[in-house]
There are 2 protein chains.
Amino acid sequence: MSPKPMVRPGGRSARVQESVHATVRALVGEVGRDALTVPMVAARAGVTPSTIYRRWGDLQELLSDVAVERLRPEADPADLGSLRADLDAWAEQFVDEMASPPGRAYIRDALLGDPDGTNAGRCSAYAAEQIDVVLARAVQRGEPVPETELLIDRVVAPIMYRILFRPGRLDAAYARELVTNAVCAQQAEAGAHPTRAAAPRRSKKKPDN
Amino acid sequence: MSPKPMVRPGGRSARVQESVHATVRALVGEVGRDALTVPMVAARAGVTPSTIYRRWGDLQELLSDVAVERLRPEADPADLGSLRADLDAWAEQFVDEMASPPGRAYIRDALLGDPDGTNAGRCSAYAAEQIDVVLARAVQRGEPVPETELLIDRVVAPIMYRILFRPGRLDAAYARELVTNAVCAQQAEAGAHPTRAAAPRRSKKKPDN
DNA sequence: TCCTAGAAGCAACAAAATCGCATTAAGGTG
DNA sequence: CACCTTAATGCGATTTTGTTGCTTCTAGGA
């Protein structure tokens with residue numbers, strides 16, 4: 001059967017959506033996020049304010065949509081030959097992107113204008129997909145791999161917690177440390193019983209500033 | 001030369017602040033958060049809207065202030081006789097409070113109107129203080145204790161990540177599992193290099209509750 | 001080609017946020 | 001205690017933003 005006409009993904013609606021999104025991206029760079037207003041975006045995008053209010057509700061939901069787009073990864077993680085190397089590289093890049101001032105702003109925006117948690121769930125899915133790609137490659141190589149959930153709990157969650165709640169305590173070395181702990185936990189788990197109990201070998205906690 | 005008349009913590013300002021906070025708490029219960037408006041709060045609190053706009057900027061920052069107040073723990077965690085029991089109980093209560101619909105709403109509000117991250121940092125500090133109380137008691141008992149940072153990374157961060165990004169995948173069993181993994185990690189670390197073992201005064205017995 | 005319904009435009013209206021200025025009252029000073 | 005300074009509030013005019021009913025347009029299907 002042909003696609004249902006529930007929503008209209010193409011034609012004018014799509015053009016309006018793209019124009020508004022592009023305008024938001026441009027204006028955020030020009031006048032800053034705080035100075036943005038719906039009428040301003042509407043005027044620049046060649047649209048009436050009521051269109052934006054009806055489609056997005058308010059400025060926060062619009063910013064949330066734009067932020068999720070920007071948070072979507074553009075490419076698969078690099079293949080460096082081993083699980084450990086891939087995870088290290090991915091975690092470092094993740095921290096670089098997410099902990100940067102614009103990254104933090106996007107994360108905040110994505111969470112804020114998101115009453116039902118849809119956009120937040122999408123962000124989390126992006127990270128999970130990237131991790132799954134790395135893990136699938138490791139499986140191909142015959143390496144033992146941890147579960148995606150473990151990596152989300154041990155690597156992604158601490159990074160995001162710091163970004164949201166403790167600005168400043170975050171760098172590449174910390175990201176590598178998290179990966180080390182997670183991988184060690186997985187190895188211990190493989191060697192021991194198949195529960196999720198974990199016993200990392202090393203854990204040097206050196207809180208910086 | 002008068003070094004400190006920077007702000008006015010007492011007198012009318014304090015009364016206004018308390019009145020506005022109380023009004024917000026009352027109105028959130030009556031009409032719901034979404035129906036709240038600054039003029040509505042101002043009228044009920046016996047204050048002019050411009051006062052609120054000048055002191056808090058906008059409704060989001062006001063809600064953030066109120067949310068942080070509500071997120072502050074009222075009492076120290078219960079003393080159940082052992083580190084493991086205390087952590088289990090605390091983590092379960094933490095999940096109960098934070099993952100409940102009102103808890104999620106407060107967390108969102110606290111993060112929402114918080115441009116400089118002050119309120120977010122305060123939330124994180126609350127959890128750290130509670131954990132520190134539990135750890136200090138364990139040290140008194142002579143138990144080996146993990147570092148606060150480890151517990152934040154392994155227990156608090158995954159819980160908050162799920163609350164914010166993956167609504168629904170959260171319960172008491174998961175909280176206990178996180179505590180188990182964190183405590184096991186700490187024990188493995190202590191076995192590897194015994195660094196910070198507090199001088200055990202006397203090993204108290206471990207009552208069941 | 002015609003039909004239908006979702007989406008956008010338009011304009012009047014309602015509500016909010018902002019700003020200048022007058023007034024009040026904390027907190028320090030002599 | 002009287003007085004002074006000034007942050008904080010009150011008040012009203014003004015600007016800006018958000019809402020709503022209705023019309024017009026157009027993508028997608030018959």
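Numbered from 1 within each chain, the chains take letters A, B, ... in sequence-line order.
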Task: Nearest listed nucleotide, side chain of A:Y53, among D:dT17, C:dA26, D:dA8 - done: D:dT17
Open item on the list: Between A:D86 and A:R141, does any side-chain N to carboxylate O distance fall below 4.0 Å?
Closed with: yes
Task: d(CG, A:L59; C1', C:dA16) in whole Å - done: 15 Å
Open item on the list: Show the nearest heavy-atom pair for residues B:W90 and B:A127, with the distance to one decimal.
Closed with: CZ2-O, 4.3 Å
TODO: Side chain of B:S50 only, please: which of C:dG9, D:dG18, D:dC11 is the nearest?
DONE: D:dC11
TODO: Give the rounded distance in Å between these two atoms: CG of B:D58 and C1' of D:dT16.
DONE: 15 Å
- [ ] Would you mind reading off the distance between B:W56 atom CH2 and C:dT18 atom C1', rounded to a whole angstrom?
- [x] 18 Å
Task: Of the listed nucleotides C:dA25, D:dG18, C:dG9, the one nearest the side chain of B:R12 - done: C:dA25
- [ ] Compare all side-chain heavy atoms of B:R137 with those of B:P77 and state whether any distance is below 4.5 angstrom.
- [x] yes
Task: B:R55 vs D:dT9: side-chain N/O to OP1/OP2 distance below 4.0 Å - done: yes
Open item on the list: Any base atoms under 4.0 Å from B:T37, or only sugar-phosphate, or nothing? Heavy atoms, all strands.
Closed with: sugar-phosphate
- [ ] Calculate the interatomic distance between B:I52 atom CD1 and C:dC19 atom P; express it in whole Å.
- [x] 17 Å
TODO: Compare side-chain N and O positions of B:R15 against OP1 and OP2 of C:dT24 and report whether any pair is under 4.0 Å apart.
DONE: no
Open item on the list: Expressed as a whole number of angstroms, how long is the span from B:E61:CD to C:dA17:C1'?
Closed with: 14 Å
TODO: Select one nucleotide: of D:dT20, D:dA8, C:dA8, the one nearest the side-chain heavy atoms of B:S13.
DONE: D:dA8
Task: Nearest-Å distance for atom pair CG/P, residues B:L62 and C:dA17 - done: 12 Å
Task: Gap between atoms CE and P, on B:M40 and C:dA16 respectively (whole Å) - done: 7 Å
Open item on the list: If you go through the side-chain atoms of B:R54, does one of them form a donor-acceptor pair with the base of D:dG10 closer than 3.5 Å?
Closed with: yes
Open item on the list: What is the separation between atom CD on A:E18 and atom P on C:dA8, rounded to the nearest whole Å?
Closed with: 14 Å
Open item on the list: So if I take every side-chain heavy atom of B:T51 and compare against D:dT9, C:dA8, D:dG18, which nucleotide ends up nearest?
Closed with: D:dT9
Task: Salt bridge flag under 4.0 Å for residues B:R72 and B:E129 - done: no
Open item on the list: Counting C-beta onward and ignoring hydrogens, is there a side-chain heavy-atom pair between A:V20 and A:V41 closer than 4.5 Å?
Closed with: yes
